[in-house]
Amino acid sequence: MSLASTIRLSYFHSSLKSYIERQDSKSALLLLRQFLQSTVKPNDFTFSLLLKSYASSSSALNPIIAKIEVNQTRNHLVKSGIDQFVYVSTALLDLYMKLGCVESARGVFGEMPQRDVVSWNALLCGYSRNGYDIDALDLFVQMLREGLAPQITTLVGLIPSCGRCDNLFPGMCIHGMGIKAGIDFDSQVKNALTSMYAKCGDLGAAKLLFEEMEEKTVVSWNTMIGAYGQNGFFDEALLMFKRMLEESFEVNSVTVLNLLSTSNCAELIHCYVIKSGLNNDVFVITSLVCVYAKCGDTVSAELLNMLSPHDNLVSLTAIISSYGEKGNIGLVVEYFSRVQKSGLKMDAIAMVSILHGIKDPAHSNVGIAFHCYAIKSGLCIKTLVANGLISMYSNFNDIDAALSLFYEMPEKPLITWNSVISGCVQAGMAREAMEVFCQMMMFGQSSDSVTIASLLSGCSQLAYLQFGKRLHSYVLRHDLETEDFVETSLIDMYTKCGSIECAERVFKSINEPCLATWNTMISCYSLNGFERKALTCYIEMLEQRIEPDKITFLGVLAACTHGGLVHEGKTCFQVMTEQVGLVPNLQHCACMVGLLGRAGLFEEAMSFIQNMDIEPDSAVWGALLNACRIHQEIRLGESLAKKLYLLDYRNGGLYVLMSNLYAATGRWDDVERVRKMMKGTEGDGCTGVSQIEVPSVVKLNPLILWLRVFSRSSQLLKFSAGVLPIRLYMLDRLRDAQTGDKRYL
DNA sequence: CTAGGGTTAG
């Protein structure tokens, strides 16, 4: 190469270097294009600089365009043979990883004629950063087999993968290897290990590592604050923060982020943010938006969002979720169009937040439109989005749609099975849910506490006491009885199936029942006519210093209403509104009206209705009408019936009550008239159904049953009430047989 | 190395 060419090349390189500093890959590429037209040939160093400029600005690039450009660069490297330089190919691999193109990076690695430790590290760290945690662990093993010793970079890349998989064992092995190799003293390795132990739930180990660390950095403190927060120790997290301030460490945005997601005192942290001048950090603002959105304060969330220089997807997603939670579909759609207009790209989480907000069957057209969007944008292949769609269609009571989505999914993780099972139950199709559960067992998919809780709820619906009991055994066998949700579902199942003794037994076996469990037990007594027991249970709950909520008071009020306990009911309502400070909803009001009306206190009931802060609905007026029936108050009853008719003429209860009122006073002509009116409204679908369980299934021939189970396993068939419990029973016994429990076969 | 939005459950 001539001297002139060498000078030109080095001049060109220094220009490229300045673009790296300015994170301007666009200009770097333009410059290279110009240069290629001249007679001087770029060399390996030129390309390493170009790749570096891309890496420096990778987070700000449009990933699709960047990928195309990098692909072109790769072609160039191959044609000119520069890809034979290990360091250039490694830089290319690293760049692909930074752009999230894991497969391309894997390809580059595969084609490399030789690799050094840096290449292995780049691939491993790339896997880890992109969430390919299992691949990272596999690669590490492969790396060791090739005879390469792990370095600090290797461990720093690998350890977070163990944490994310919640995989303590490999994490501990790697810790041990670090000690043997003498690289566990590195502060980055120690921080990574601390975080890993915390994520796997071993706070003791995390704390030990943190305390014995000699050179703690901000990252170490942040890690420890996060460790306490993630495991629910909010006070300890705050104490850690206090200690950090005392030892005068500089607080950064990650500290605030950890504190915000940790604590329940958002305002306090917000004040600190403003005082410490971190309030301009985009991440901090986003985090604050999320906190306010999560607790339903959309006003503050939106105000804060306006402080952000650009719209960002995370903030908008949080706001969308918040409006979805409130059922404000209009604003959900509006914020979606805002995402579209601002040029942000919807991702799976944003998509599922929208779907989650569409619950009302009246909005099914909107839901279907978003389903179309999910298909067009390619997001519907993501499991997360598919699950969201299944739940959405279940909310519309469109089980066929939910099931067809489900069967089309190529991969069905546990959560998908759970989505479809709970979807069926919530849509009132518990029998379908149990069908799916059978298929799940056939498939070899194991279930968890969520599956069982959903199925128990299905048993309540169908009054399948036998199957419910079998699920209870399953719970005991699999040590799931410690889960709040499962315990509560069990009590609910026994209550609804009429077996109050069993419900009580489950309740008494629980060490520290949570609020929902107490609530269920109170409602259980109330539903079964044990008003006094319901009240005693409520008092016991208060003695345990558990703060009652709206559901608690609903249960207690209902008990008072059923039992005619006027004084207790009034006191309870007073406690709720004045002492606990809860705003009564329509259901509470209906209970109170029923309570007063049943006691014949019509004037008090009417003045109660007039003093209500919310507009009374058909349930409130209906409660009073029911009282009229009991006390044979024809005149008031008729005027109430008119009101109710105007509110909701399709409400079947109205006609039944009026008919009974007329019947009680011997006005048979009016009874006839009301019944005709009800038929005119085509009824409201409240027709009662009675069913019984098939007893003593054990006597049936197991072989025939098993054949039946097999022949029908491939498709979803509607079963008669009798056969399904038998199938479930058989499956259960078969599994017992597989796991060595031969008692039943 | 630490970090923000999400799906299943009474």
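Letters A, B, ... mirror the listed sequences (proteins, then strands); counts begin at 1. What you see is a predicted model, and the numbers here were worked out from it, not measured in a lab.
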So, is A/S454 close to the B/dT8 phosphate, meaning a side-chain N or O under 4.0 Å from OP1 or OP2?
no
Side chain A/D347 and base B/dG5 donor-acceptor under 3.5 Å:
yes
Ignoring backbone atoms, establish whether A/H356 has a side-chain N or O less than 4.0 Å from OP1 or OP2 of B/dG5.
no
Closest to the A/T317 side chain, choosing from B/dA3, B/dT7, B/dG5
B/dG5
Base, sugar-phosphate, or nothing: which does A/L313 touch, judged by heavy atoms less than 4.0 Å apart?
base
Where the side chain of A/Q188 is concerned, which of B/dT2, B/dG10, B/dC1 is the nearest nucleotide?
B/dC1
Check the distance between B/dT2's P and A/R164's CZ and give it to me in whole angstrom.
7 Å
Tell me whether the OP1 or OP2 atom of B/dT7 has a side-chain N or O from A/K412 closer than 4.0 Å.
no
Whole-Å gap separating C1' (B/dG6) and CD1 (A/I320)
12 Å
Among the nucleotides B/dC1, B/dT8, B/dG6, which one has an atom lying closest to any side-chain atom of A/N418?
B/dT8
Pick base, sugar-phosphate or nothing for A/C514, based on heavy-atom distances below 4.0 Å to the nucleic acid.
base
Testing B/dG6, B/dC1, B/dG4 for proximity to the side chain of A/S353, the answer is B/dG6
When the ring planes of A/F249 and A/W221 are compared, do they come out parallel, tilted or perpendicular, using 30° and 60° as the limits?
tilted
Checking contacts here: which listed nucleotide (B/dT8, B/dT2, B/dG10) is nearest the side-chain heavy atoms of A/S391?
B/dT8
Centroid-centroid under 6.0 Å between A/F210 and A/Y228 rings
no
Under 4.0 Å, counting only non-hydrogen atoms across every strand here, what does A/T488 touch: a base, just sugar-phosphate, or nothing?
base
Return yes if the base of B/dG4 and the side-chain atoms of A/S287 contain a donor-acceptor N/O pair under 3.5 Å, otherwise no.
no
Per atom distances to the A/S195 side chain, the nearest of B/dT2, B/dG6, B/dT8 is B/dT2
Using a heavy-atom cut-off of under 4.0 Å over every strand shown, decide if A/T517 touches base, sugar-phosphate, or nothing.
base
Within the structure, does a side-chain N or O atom of A/Q230 lie under 4.0 Å from either OP1 or OP2 of B/dG4?
no
From C-beta outward on A/Q426, which listed nucleotide comes closest to its side chain: B/dC1, B/dG4, B/dA9?
B/dA9
Would you tell me if any nitrogen or oxygen in the side chain of A/K294 comes within less than 4.0 Å of OP1 or OP2 on B/dG6?
yes
A/F437-A/W417 aromatic ring centre distance below 6.0 Å
no
Which part of the nucleic acid, if any, lies within contact of A/N312, taking any heavy atom under 4.0 Å across all strands shown: a base, the sugar-phosphate backbone alone, or nothing?
base
Is a donor-acceptor contact shorter than 3.5 angstrom present between the side chain of A/T286 and the base of B/dG4?
yes
Could you check which of B/dA3, B/dA9, B/dG5 has an atom nearest any side-chain atom of A/F485?
B/dA9
Starting at atom CG of A/L257, determine the distance to atom P of B/dG4, rounded to an integer number of angstrom.
6 Å
How is A/K199 classified with respect to the nucleic acid when contacts are heavy atoms under 4.0 Å: base, sugar-phosphate, or nothing?
sugar-phosphate
Residue A/E247 excluded, over 12 heavy atoms near CD under 6.0 Å
yes
Pick base, sugar-phosphate or nothing for A/D484, based on heavy-atom distances below 4.0 Å to the nucleic acid.
base
From CA spacing to verdict: side chain to side chain contact (heavy atoms under 4.5 Å, CB included), A/M213, A/T194:
CA-CA 10 Å; A/M213 214 182 296; A/T194 310; 3.9 Å; yes
Heavy atoms only, 4.0 Å cut-off, all strands: where does A/V450 land among base, sugar-phosphate and nothing?
base
For A/K382, I'd like to know if atom NZ has over 12 heavy atoms of other residues, nucleotides or ligands within 6.0 Å.
no
